[in-house]
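Data first, discussion second: the structure below is written as structure tokens.
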Amino acid sequence: MTESEIREKSETWHFDLYKRYPLVLERAEGARVWDRDGREYIDALAGIAVNNVGHCHPKVVQAVQRQVSRLIHVSNLYYTEAQSSLAEKLASVSGFEKVFFCNSGAEANEAAIKLARKYADKTGRTGPIVSLKNCFHGRTIGTIALGKEKYRKGFGPMPTGIEHTPANDIAALEKVMSDQTAALILEPIQGEGGVVPLDQAYLERARELCDTHGALLIYDEVQCGVGRTGKMFAWQHFGVKPDVLTAAKGLGGGVPIGAVMATKEAAGVLGYGEHGTTFGGNSLASAAAGAVLDAIEEEKLCEAAREKGEWLMQTLRERTKGWSCVKGVRGVGLMVGMELTFKGAPVVEKMLEKGVLSNCASDVVMRLLPPLVITQEQLERVVDVLLESVRECDPDS
Ligand code: PLP
């Protein structure tokens, strides 16, 4: 099939939901991807924080190949070695006692919402689940009800029992929380919201308030988890532990898998038959995720994320000193945002022309989420291309 045939077929047959770049990708390795013509790109987006260990990591490829010829799927009516090993491993690296597997980030958050509702039911609470304005938790009805107004438009009526409060505003949080609150859900580092790390003091107060009122604290680490911030999970970075934590994206190295981790007490509110999924944690996805976690540990990718992230943020700050079009550079580990004074979409296109895949969040924040295995040389190229492109697109230059 020619490139234009591929694009045409997709446009004819697929729902018109994604505004795709005119690029047909065919092969990938580490932090590099190639299109149909063999043109090479550096991937500074990693499939939106998915390919944390790099594209087609040899350990993931080997684990998937071995598993695919033995057992792909048998449902959750039976035990499998791949899933039980992953449950043990994920609980251990995340610091939790219980794990539930599903297939995506939104699904992990849906499970967390159900858990919070059941917890409220069991403890006689009638209050809401509190979530933060500017957050993003997925595209299902339940998760858009938690999230930004923008994603809810036209999809009403929304589920009730959700209250929104501004991020990093302790006074507002104190006001909205009560002894009736079921749970507080937040991304410790907001991703789609424009790479916004929550303040240490805010997270500490959130934990205190949840303890005082007996509410559950839920972290959505779908984007910031699995090594990206320089720790396996971001809560370990801040040292403020939630009761429930959700993950997906980077966990399967590209194979779809989501997970909810919880304390034994929180997980215990859901009993037999009260939640479940057909595919969740099947052998293939579990084998991939097990290999991802092994690769992160064995290849010290958390340390790599910390060092490369520091270099990246420092370099961007130094090289844009005095640029009026750059409002700031922020992030943790290799989850980095550079806020512009103008819309970043043309910068993304310019970068693509120059051979770098990137993204813009919240209209004006150039978001860099490269694979943690990106080399120094590749990272230098990403910086050069980003800054060149910003210069070329700046309407005031
Ligand atoms: N939560 C966060 C923080 C995310 O960034 C995303 C996706 O971008 C989701 C949830 C939804 O994940 P998925 O697209 O796998 O449903």
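These numbers come from the heavy atoms of this one structure, side chains and all, not from hydrogens, waters or symmetry mates. Numbering of ligands and ligand atoms starts at 1, following listing order.
Listed as neighbours of ligand 1 are Ser104, Gly105, Ala106, Asn109, Phe136, His137, Gly138, Glu187, Glu192, Asp220, Val222, Gln223, Lys249, each bearing a heavy atom under 4.0 Å from the ligand.
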Full working for salt bridge (charged side-chain N to carboxylate O under 4.0 Å, His left out) between Arg228 and Glu221: CA-CA 10 Å; Arg228 178 142 299 276; Glu221 293 215 24; over 6 Å; no
- Task: Apply the test salt bridge (charged side-chain N to carboxylate O under 4.0 Å, His left out) to residues Glu11 and Arg20: give CA-CA distance (whole Å), side-chain angles for both, the deciding distance (0.1 Å), then the verdict.
- Result: CA-CA 10 Å; Glu11 272 149 32; Arg20 301 183 206 258; over 6 Å; no
- Do Asn109 and Thr246 pass the side-chain hydrogen bond (donor to acceptor under 3.5 Å, both in side chains) test, and can you show the C-alpha distance, the side-chain angles, and the key distance before you say yes or no? CA-CA 6 Å; Asn109 289 326; Thr246 60; 2.8 Å; yes
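Counted by atom type alone, Asn134 and Glu192 present zero donor-acceptor pairs between their side chains at under 3.5 Å. For Lys231 and His237, the side-chain atoms include no donor-acceptor pair closer than 3.5 Å.
Across every non-hydrogen atom of Leu186 and Tyr202, the tightest pair is CD2-CE2, 4.5 Å.
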